[in-house]
2 protein chains.
Amino acid sequence: MSENGVVPRAKVLTIDTMNPTVKNVEYAVRGPIVARAVELERELSEGMKKPFAEVIKANIGDAHAMGQQPITFFRQVLALCSYPELLNDSTFPDDAKSRARRILQSCGGNSMGSYSASQGIDSVRQDVARYIERRDGGVPCDPNNVYLTTGASDGIMTMLKLLVCGEGMTRTGVMISIPQYPLYSAALAELGAVQINYYLNEEKCWSLDISELQRALDEARNHCNPRALCIINPGNPTGQVQSRECIEDVIRFAAKEGLFLMADEVYQDNVYAEGCQFHSFKKVLFEMGPEYSDTVELASFHSTSKCYMGECGFRGGYMEIINMDDDVKAQLTKLVSVRLCPPVPGQALMDLVVNPPQPGEPSYDNFIKERSATLSALAEKAKLTEQILNTVEGISCNPVQGAMYSFPRIIIPEKAVKEATDKGQQPDMFYCMKMLEETGICLVPGSGFGQKDGTYHFRMTILPPRDKLQILLNKVQEFHQKFTQHYS
Amino acid sequence: MSENGVVPRAKVLTIDTMNPTVKNVEYAVRGPIVARAVELERELSEGMKKPFAEVIKANIGDAHAMGQQPITFFRQVLALCSYPELLNDSTFPDDAKSRARRILQSCGGNSMGSYSASQGIDSVRQDVARYIERRDGGVPCDPNNVYLTTGASDGIMTMLKLLVCGEGMTRTGVMISIPQYPLYSAALAELGAVQINYYLNEEKCWSLDISELQRALDEARNHCNPRALCIINPGNPTGQVQSRECIEDVIRFAAKEGLFLMADEVYQDNVYAEGCQFHSFKKVLFEMGPEYSDTVELASFHSTSKCYMGECGFRGGYMEIINMDDDVKAQLTKLVSVRLCPPVPGQALMDLVVNPPQPGEPSYDNFIKERSATLSALAEKAKLTEQILNTVEGISCNPVQGAMYSFPRIIIPEKAVKEATDKGQQPDMFYCMKMLEETGICLVPGSGFGQKDGTYHFRMTILPPRDKLQILLNKVQEFHQKFTQHYS
Ligand SMILES: Cc1ncc(COP(=O)(O)O)c(C=O)c1O
Ligand SMILES: Cc1ncc(COP(=O)(O)O)c(C=O)c1O
């Protein structure tokens with residue numbers, strides 16, 4: 001009984017009566033370690049004494065948060081679209097104004113405040129299609145196959161949602177790489193689909209072996225209905241860039257085994273290593289000829305969040321679907337209409353990404369300068385990260401060929417493993433928590449992405465500014481040595 | 001066999017092998033009639049002859065698309081946040097600049113391009129909390145109970161997702177009003193939850209009778225587990241504004257029957273009729289004393305899309321949750337983190353809505369002028385719509401007390417009903433299609449929202465500019481007379 005004599009009612013919604021699939025969701029990139037980092041920041045700001053002066057968040061691919069500057073042209077156009085009075089302002093370049101006018105003309109009432117078509121603004125989808133054609137050396141792209149999304153996350157969720165059906169032995173299974181970007185495992189858990197793990201080969205620079213795909217698939221067929229294969233290229237968290245041959249093999253495998261391909265290509269501009277190049281699944285598929293290009297079902301995903309722009313907060317993205325059954329496509333269009341439309345500023349930004357300043361336009365030179373500066377800084381930091389980490393005994397790091405992360409393997413002494421296990425913690429979570437408390441550096445433990453049993457890793461972004469990254473890497477080095485000593 | 005001698009592979013994803021719950025989704029606001037309207041627009045633009053010169057879309061609550069102008073202050077701040085260089089531009093008012101600075105300071109790296117916390121930017125949630133406290137006469141609001149969302153749609157979907165569990169007889173049932181906003185039926189279909197219909201009372205101005213709630217609930221208990229009750233106030237599509245007494249009764253009912261309350265209050269500023277006033281569920285709940293305010297679980301939803309701002313394209317919104325179990329709240333926070341964050345420009349806009357210019361600030365007068373102009377124009381159009389429609393024989397329309405729609409009842413002659421039924425069409429879909437083809441006016445048939453068997457309606461927004469609305473209403477009148485004559 002409460003103070004006022006009323007028998008408290010039981011809650012309607014409790015942990016025991018809530019959606020069980022939601023309970024199964026895990027999302028390490030924003031897990032307990034990040035929560036603790038936020039707490040530490042608050043404690044620091046309240047004057048509490050810590051062995052460090054600031055928390056450095058290297059846990060998430062959030063470029064602007066790490067100080068990367070936005071592309072001037074993009075932001076000028078967004079400002080013009082937000083407040084069209086500025087179209088009369090002579091300080092804005094003409095190409096920015098003409099882009100803004102074109103976007104506004106495609107908006108209901110010439111306002112970004114109108115709902116767009118649920119599939120996305122027509123003219124933006126057309127620009128996306130032309131971008132894909134340029135990128136893929138002329139392979140045609142139909143704007144009707146392009147869906148704008150609320151970040152790539154939304155597109156991936158939506159595609160997975162379409163694919164899930166069946167119960168028990170016939171429940172949809174989806175193959176994902178291990179290590180993976182945890183959006184995939186979270187989405188599969190939420191949808192109640194079966195997660196099928198295939199392991200990337202750490203010894204061969206996180207490459208993908210077809211024999212491993214086969215093993216995973218064959219095993220899975222004993223307990224579910226595998227229907228889709230997800231690939232992240234360039235890879236998160238592992239930073240590898242797939243070779244053309246590998247992509248061909250994957251496509252052949254998908255064709256042979258009857259799998260729907262999902263290609264997460266949000267890092268398509270983030271390729272740093274010499275000899276590496278981004279090949280889109282779409283392009284490779286079409287170059288393999290009609291036996292494949294007429295039949296293999298593919299969805300590929302892109303985003304405004306990564307590459308050189310790093311505009312995560314705008315939640316822009318698109319997906320292109322190839323060889324999707326027409327009836328299913330109609331269902332997809334209906335499904336996305338329930339949420340009305342993706343954010344229009346994100347759509348506008350996606351439009352700028354696929355249709356940036358062209359040679360001869362007033363903003364071209366500056367655009368190229370800004371883009372190159374960001375990409376070459378990333379390339380340099382990729383190298384620096386690999387180099388420094390590999391000098392540390394007990395840490396070994398594959399080359400960061402692309403994307404924005406290193407995923408080094410760490411040796412955790414037996415005694416530390418035991419202490420962690422006694423606490424009911426994953427050993428690399430224990431390691432990363434200790435690192436956070438002692439150095440203020442926030443990393444994500446490898447267990448959040450999946451890894452081979454008995455191996456330990458952490459994921460660290462290469463996004464901090466060069467000088468800060470250097471400090472960070474030195475601190476990691478120091479911490480690892482102390483930790484190893486302490487537990488040896 | 002295809003041309004090149006290859007046996008075409010069967011598709012992985014077909015209408016028979018896709019997610020069956022997705023197939024059950026319907027969403028009338030963007031259904032076949034809208035698709036046809038878009039086609040007609042294209043045909044007109046290609047010079048095809050039609051009995052009308054333009055398509056008028058009165059199918060969706062999309063204010064800017066109908067010519068409503070954005071609030072200047074809001075757009076100035078958004079431009080400043082998009083392109084902070086403008087903070088040096090002396091033509092922007094100081095209050096816009098200080099708002100922009102405050103928002104940017106809350107963004108990682110001072111950029112709207114950073115991911116925010118998944119629950120939303122802290123300072124925005126604080127502003128939302130203060131807004132709710134002001135609105136509700138001082139009832140306290142904890143910012144930790146506020147979640148920013150990607151439009152209200154996203155919040156509603158997320159809350160329903162948490163609530164769904166069980167199978168067969170124990171499957172979660174959710175009570176929704178009929179007529180309803182079809183997001184609800186679509187979300188329930190997608191989640192595989194049981195939709196429990198309670199009918200609003202058209203004879204009493206679409207009011208809600210507790211006896212009807214009880215009837216619906218008692219029936220539903222025979223085949224599912226009713227757990228939540230959704231209310232839209234002011235109502236879409238029906239335009240009613242609930243009395244305080246009615247809200248109290250609903251809360252008592254929810255408490256007695258153990259139902260989680262979901263209050264969709266996106267039209268909270270859209271109240272036009274004399275004697276009507278918006279009462280938030282939160283405020284009424286707290287004024288009913290601790291017996292209720294300590295126990296009844298409530299989620300309420302707001303959006304940047306409606307009211308006087310009508311900023312649909314930005315996809316801003318929030319939900320406040322009351323009395324939610326702590327463990328469930330932790331699960332909610334985890335769940336929203338998978339999609340990373342709501343769009344930051346939408347969060348910024350939500351911040352401006354809850355923290356608009358204050359008396360004494362340079363933008364105050366203009367803000368008030370713009371807001372009042374929009375709201376009084378809507379009030380006038382609400383009246384005009386009701387008046388003209390009620391002059392038509394065979395159409396009867398309840399007062400549009402609030403929101404943005406009229407939902408008149410139409411009498412469809414027997415012969416027309418038969419012709420529609422023979423075609424496998426709903427009679428009011430048949431009616432609206434004919435109206436579209438003959439007049440260019442795009443409405444949504446009542447069957448898209450649900451209605452009592454044997455009654456027919458359409459939903460029409462009151463958003464077109466006054467002169468256009470007048471023309472539209474006259475055309476509807478004319479069409480209805482011709483249609484009735486033709487089928488009598
Ligand atoms: C591989 C991969 N896919 C998808 C996403 C989702 O990005 P967004 O939803 O911001 O576009 C990310 C974000 O880090 C990612 O790394
Ligand atoms: C009653 C109601 N709820 C929710 C929404 C969703 O609005 P949004 O997702 O744009 O915030 C709408 C849109 O028309 C509505 O009418």
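Chain letters run A, B, ... following the sequence lines, proteins first, then strands; residues in each count from 1.
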Is chain B contacted by the side chain of [X], its backbone, both, or neither, given a heavy-atom distance below 4.5 Å?
{"X": "A:Thr150", "result": "side chain"}
{"X": "A:Gln347", "result": "neither"}
{"X": "A:Asp89", "result": "side chain"}

Within the distance-only criterion (no hydrogens, no angle test), does the side chain of [X] pair as donor or acceptor with the backbone N or O of [Y] below 3.5 angstrom?
{"X": "A:Lys11", "Y": "B:Thr295", "answer": "no"}
{"X": "A:Lys334", "Y": "B:Lys23", "answer": "yes"}
{"X": "B:Asp62", "Y": "A:Tyr115", "answer": "yes"}

Evaluate A:Lys161 against B:Glu190 for side chain to side chain contact (heavy atoms under 4.5 Å, CB included), listing each step before the verdict. CA-CA 9 Å; A:Lys161 194 179 287 169; B:Glu190 191 184 316; 2.5 Å; yes
Given B:Met157 and A:Val338, is the side chain to side chain contact (heavy atoms under 4.5 Å, CB included) satisfied, shown in steps? CA-CA 10 Å; B:Met157 282 287 235; A:Val338 177; 4.3 Å; yes
Chain A: which of [options] shares the most heavy-atom pairs with it under 4.5 Å?
{"options": "B:Gln76, B:Met66, B:Gln68, B:Lys57", "value": "B:Gln76"}
{"options": "B:Val25, B:Leu78, B:Asn225", "value": "B:Val25"}
{"options": "B:Gly109, B:Ser114, B:Ala187, B:Pro342", "value": "B:Ser114"}
{"options": "B:Val328, B:Asp327, B:Leu332", "value": "B:Val328"}

For chain B, find which of [options] contributes the most heavy-atom pairs closer than 4.5 angstrom.
{"options": "A:Ser153, A:Gly310, A:Ser111, A:Cys81", "result": "A:Ser111"}
{"options": "A:Pro20, A:Ala186, A:Ala65, A:Gly258", "result": "A:Ala65"}
{"options": "A:Ala228, A:Ser305, A:Pro343, A:Gly151", "result": "A:Pro343"}

Non-hydrogen atoms of chain A under 4.5 Å away: do they reach the side chain of [X], the backbone, both or neither?
{"X": "B:Thr333", "result": "neither"}
{"X": "B:Leu335", "result": "side chain"}
{"X": "B:Cys107", "result": "neither"}
{"X": "B:Ala255", "result": "both"}
{"X": "B:Leu259", "result": "backbone"}

Please test B:Tyr83 against A:Phe92 for ring pair (Phe, Tyr, Trp, His ring centres under 6.0 Å), starting from the C-alpha separation and ending with a verdict. CA-CA 11 Å; B:Tyr83 187 50; A:Phe92 282 83; 5.7 Å; yes
Verify the distance criterion only: is there a donor paired with an acceptor across the side chains of A:Thr17 and B:Arg227 at less than 3.5 Å?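 There is such a pair (donor and acceptor under 3.5 Å, judged by atom type) between the side chains of A:Thr17 and B:Arg227.
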Side chains of A:Val12 and B:Asp325, heavy atoms from C-beta outward: is any pair under 4.5 Å?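 No - every pair of side-chain heavy atoms lies 4.5 Å or more apart.
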Taking C-beta and beyond as the side chain, do A:Pro345 and B:Arg315 meet within less than 4.5 Å on heavy atoms?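 A side-chain contact under 4.5 Å is absent here.
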Set out, in order, the CA-CA distance, both residues' side-chain angles and the distance that settles salt bridge (charged side-chain N to carboxylate O under 4.0 Å, His left out) for B:Arg75 and A:Glu85, then state yes or no. CA-CA 10 Å; B:Arg75 295 308 197 89; A:Glu85 283 286 307; over 6 Å; no
Working to the nearest 0.5 angstrom, can you tell me the gap between A:Asp154 CG and B:Leu340 CG?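 Here the rounded value is 11.0 Å.
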State the CE-OG1 distance between B:Met18 and A:Thr172, to the nearest 0.5 angstrom.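 These two atoms lie 11.0 Å from each other.
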Considering the options A:Glu297, A:Lys329, A:Gln331, which one meets the side-chain contact (heavy atoms from CB on, under 4.5 Å) requirement together with B:Leu13?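 Running side-chain contact (heavy atoms from CB on, under 4.5 Å) over A:Glu297, A:Lys329, A:Gln331 with B:Leu13 returns exactly one hit, A:Glu297.
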Minimum heavy-atom distance B:Ser82-A:Ser82, with the two atoms named: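 Result for this residue pair: OG-OG, 3.9 Å.
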Minimum heavy-atom separation for B:Cys165 to A:Asn19, with atom names?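 So the minimum-distance heavy-atom pair works out to CB-CA, 4.2 Å.
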